[in-house]
Amino acid sequence: MNNEILAFDVAIIGAGPSGASTALKLAKEGISTVIIEKEKLPRYKVCGGGFVYRGLSNMSFDVNEVIETKFHTVDIFLGEKLHFKTTRKDPIISMIMRDSFDELIIKEAKKYGATLMDEHKVMSLEKNESLTTIVTNKSKITAKIIVAADGAYSPIAKMAGWKTDTRKLIPALEYEVYVTDEEYKKHCDSVRFDIDAVPGGYGWNFPKKNHFSIGVGCFENKTSNIKALCEDYINFLGIKNITSIERHGFQIPVSARTDGFVKENVFLIGDAAGFADSITAEGISNAIYSGNLLADAIIESDLNIQETENSYLKKLNLRLLPELESSAKLAKWFYRNKTLRNLILKKYGQRFSEYMGDIFMGTKTYPVDVYDTLMKKVKNAIL
Ligand SMILES: Cc1cc2nc3c(=O)[nH]c(=O)nc-3n(C[C@H](O)[C@H](O)[C@H](O)COP(=O)(O)OP(=O)(O)OC[C@H]3O[C@@H](n4cnc5c(N)ncnc54)[C@H](O)[C@@H]3O)c2cc1C
């Protein structure tokens, strides 16, 4: 342990898309910023790596070098009988691997002067009157503002005083599946989502440059059998001639915390705050978006903690929180009412798939009156 205490204006814990984007924006404004990351970069992150257009189109610099594949068409399947296809002029989903994507944003932030301390795991926050010291396994750091961008488990939120976890965490698996060239060619042209591939959830196949990222997420059904279900899903997809599989599992927080996003000088963003979409579990674009909102709040408030808090909460309430509230209501209904939902999808499936396409593109958001709208559709489908 180095005894020297390093001082920064802002310390960001976590080098995922939320933390890296915050660092980039702050560094561009000349604010002294450190990113503290427990892993050595680049590091593998359990993630499908499907980056939707609303996130891609808002990137402040060109990330094409880390895009593996782009898809203008998305296929949504409901069992073997129902299939909806949605196409857009711009790519609905671009595929990334998170090691290179996250590292690219960090590199960009470093260009503007941000400091990266990777392989520094935050162990505790020590409070001493008005000063908080971040203690890592190798160093001590102080900062006026601390950003917890440390993902689904968010140890920093616990250290900062969030006692109970009010987010909804769902289990999800991600398998990196390598096949022969011939087999790859058979399946590489389609991005597919299979609703009910697992009970109360869905499965996906995201073709990357030379392999498939295949996974399942269980939104409603607490199954202990998720590994077997993922293997079944790979069989269902008809993917054969597998040369190797890397199996990973993690949790996705699919609802926002209900007990706030700020405590004293500690601010939560991305998964630490619970900002992934409740229906799709798509979290990268909102991680970046929330990081950018916080960076704007810090910059506009000139590092004043109270003003930053007010401004960050105001910005979150403009779009992200109402959208997440609607998506949470819809997700509950969608994953719990299989029979009724399937009846509706039979009639309105293409419209649903176009709507999800628009959400991914960023041209629409979930309606605020989502429940009423849905009930009207239920009545129309039944009558
Ligand atoms: C199986 C699965 C599939 C997914 N697929 C998709 C998808 O296809 N598309 C999509 O948009 N989203 C997807 N998601 C969600 C997405 O991965 C997250 O929403 C996103 O990574 C959130 O970014 P973040 O920056 O908030 O946190 P993270 O990306 O989790 O980054 C947190 C960082 O903090 C670091 N950290 C943690 N603790 C400490 C500590 N004590 N000290 C220092 N550093 C620490 C971690 O090492 C990590 O690098 C998926 C998630 C899972 C689990």
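First listed ligand is number 1; within each ligand, the first listed atom is number 1.
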(request) Between A172, S124, G283, S21, flag the one that comes closest to atom 1 (C) of ligand 1 by a heavy atom. (result) A172
(request) Under 4.0 Å, heavy atoms only, figure out whether ligand 1 is touched by the backbone of C47, its side chain, both or neither. (result) both
(message) Taking atom NZ as the centre, does K158 end up with more than 12 heavy-atom neighbours from other residues, nucleotides or ligands that are less than 6.0 angstrom away?
(response) yes
(request) Please check if the side chain of T166 supplies one atom and the backbone of T258 the other of a donor-acceptor pair under 3.5 Å. (result) yes
(message) Can you tell me which portion of A20 lies within the under-4.0 Å heavy-atom range of ligand 1? Options are side chain, backbone, both, or neither.
(response) neither
(message) When you compare ligand 1 with D102, is there at least one nitrogen or oxygen pair between them that comes in under 3.5 angstrom?
(response) no
(message) Side chain, backbone, both or neither: which applies to V122 and ligand 1 if a contact is any heavy-atom pair less than 4.0 Å apart?
(response) both
(request) Run the numbers for me: atoms of ligand 1, each under 4.0 Å from some heavy atom of G50, listed by number. (result) 7 (C), 8 (O), 9 (N), 10 (C), 11 (O)
(request) Give the minimum heavy-atom separation between I92 and M361, together with the two atoms involved. (result) CA-SD, 3.7 Å
(request) Determine whether the side chain, the backbone, both or neither of M123 has a heavy atom under 4.0 Å from any heavy atom of ligand 1. (result) neither
(message) Whether R88 engages the ring of F360 as a cation-pi pair (distance to the six-membered ring centre under 6.0 angstrom, angle to the ring normal within 45°) should be assessed.
(response) no
(message) With respect to I269, determine whether any N or O atom, backbone or side chain, lies less than 3.5 Å from an N or O atom of ligand 1.
(response) no
(message) Does only the side chain of A149 get under 4.0 Å from ligand 1, or the backbone, or both, or neither? Count heavy atoms.
(response) backbone
(request) Distance to 0.1 Å, residue and atom name: give those for the protein heavy atom nearest to atom 15 (C) of ligand 1. (result) A281 O, 3.8 Å
(request) Answer side chain, backbone, both or neither: which part of Y153 comes under 4.0 Å from ligand 1, heavy atoms only. (result) neither
(request) Heavy-atom contacts with I36 under 4.0 Å: which atoms of ligand 1 show up? List them by number with element. (result) 43 (C), 44 (N)
(message) Among all protein heavy atoms in this structure, tell me which lies nearest to atom 26 (O) of ligand 1, with the distance rounded to 0.1 Å.
(response) D271 N, 2.9 Å
(request) Flag the pair D99 and R43 as a salt bridge only when some basic side-chain nitrogen lies within less than 4.0 angstrom of an acidic carboxylate oxygen. (result) no
(request) Look at E220 together with K168 and state whether they make a salt bridge at an N to O cut-off of under 4.0 Å. (result) yes
(message) If you apply the rule side-chain hydrogen bond (donor to acceptor under 3.5 Å, both in side chains), what do you find for D150 with S154, and how did you get there?
(response) CA-CA 5 Å; D150 55 334; S154 193; 2.8 Å; yes
(request) Among all protein heavy atoms, pick the one closest to atom 30 (O) of ligand 1 and tell me residue, atom and distance. (result) K45 CE, 3.2 Å
(request) Compare E119, H248, E282, R98 and give the one whose heavy atom is closest to atom 16 (C) of ligand 1. (result) R98
(message) To check your reading of the model: name the closest protein heavy atom to atom 24 (P) of ligand 1, its residue, and the distance in Å.
(response) S18 OG, 3.4 Å
(request) Would you name the heavy atoms of A148 and V266 that are closest together and state the gap between them? (result) CB-CG1, 4.4 Å
(request) Could you list the atoms of ligand 1 found under 4.0 angstrom from a heavy atom of W204? (result) 3 (C)
(message) For atom 3 (C) of ligand 1, what is the closest protein heavy atom, and at what distance to 0.1 Å?
(response) G48 N, 3.2 Å
(message) Check this for me: does any side-chain nitrogen of one of E282 and R54 sit under 4.0 Å from a carboxylate oxygen of the other?
(response) yes
(request) Among residues two or more places apart or on two chains, list those pairs meeting side chain to side chain donor-acceptor pair (under 3.5 Å) that have a residue in residues 171-182. (result) Y44-E176, E174-W204, E176-H211, E176-S213
(request) Look at ligand 1 and say whether H120 reaches it with a heavy atom at a distance under 4.0 Å. (result) yes
(request) Check whether any heavy atom of F275 sits under 4.0 Å from an atom of ligand 1. (result) no
(request) For residues F334 and F352, establish whether the separation of their ring centroids is below 6.0 Å. (result) yes
(request) Using a strict 4.0 Å cut-off to heavy atoms of G151, name the atoms of ligand 1 that fall inside it. (result) 27 (O), 30 (O), 32 (C)
(request) Of all the heavy-atom pairs spanning I269 and G19, show the shortest one and how long it is. (result) CD1-N, 4.0 Å
(message) Using a 3.5 Å cut-off on N or O atoms only, is K38 in polar contact with ligand 1?
(response) yes
(request) Could you state whether F250 and V216 fall into the same hydrophobic cluster, counting links through intermediate Ile, Leu, Val, Met, Phe, Trp or Tyr residues with side-chain heavy atoms under 4.5 angstrom apart? (result) no
(request) May I ask you to identify, for I13, whether its side chain, its backbone, both or neither come under 4.0 Å of ligand 1 on a heavy-atom basis? (result) side chain
(message) Please list the nearest protein heavy atom to atom 53 (C) of ligand 1 with its residue and the distance rounded to 0.1 Å.
(response) I252 CG1, 3.4 Å
(request) For ligand 1, find out whether one of its N or O atoms is nearer than 3.5 Å to an N or O atom of A276. (result) no
(request) Would you mind running through ligand 1 and noting each atom that sits below 4.0 Å from a heavy atom of G270? (result) 26 (O)
(request) Measure the distance from atom 35 (C) of ligand 1 to every protein heavy atom, then report the residue, atom name and distance (to 0.1 Å) of the closest one. (result) E37 OE1, 3.3 Å
(request) Considering the heavy atoms of G14, write down every atom of ligand 1 situated less than 4.0 Å from one of them. (result) 33 (C), 34 (O), 35 (C)
(request) Decide, yes or no, whether a salt bridge links E354 with R351 under the criterion of side-chain N to carboxylate O below 4.0 Å. (result) no
(message) Applying a heavy-atom cut-off of 4.0 Å, say which part of A287 lies close to ligand 1: side chain, backbone, both or neither.
(response) side chain
(request) Check whether any side-chain heavy atom of T280 sits under 4.5 Å from a side-chain heavy atom of F193, and report yes or no. (result) no
(message) Does K85 have more than 12 heavy atoms from other residues, nucleotides or ligands lying within 6.0 Å of its NZ?
(response) yes
(request) State the atoms of ligand 1, each with its element, that fall below the 4.0 Å cut-off from a heavy-atom position in G16. (result) 25 (O), 29 (O), 31 (O)
(request) Would you check whether E174 has a nitrogen or oxygen atom less than 3.5 angstrom from a nitrogen or oxygen atom of ligand 1? (result) no
(request) Could you tell me which atoms of ligand 1, counted from 1 in the order shown, lie closer than 4.0 angstrom to a heavy atom of E39? (result) 47 (O)
(request) Return yes if a side-chain donor-acceptor contact under 3.5 Å exists between E231 and N235, otherwise no. (result) no
(request) Indicate, with yes or no, if the rings of Y335 and Y202 have centres closer together than 6.0 Å. (result) no
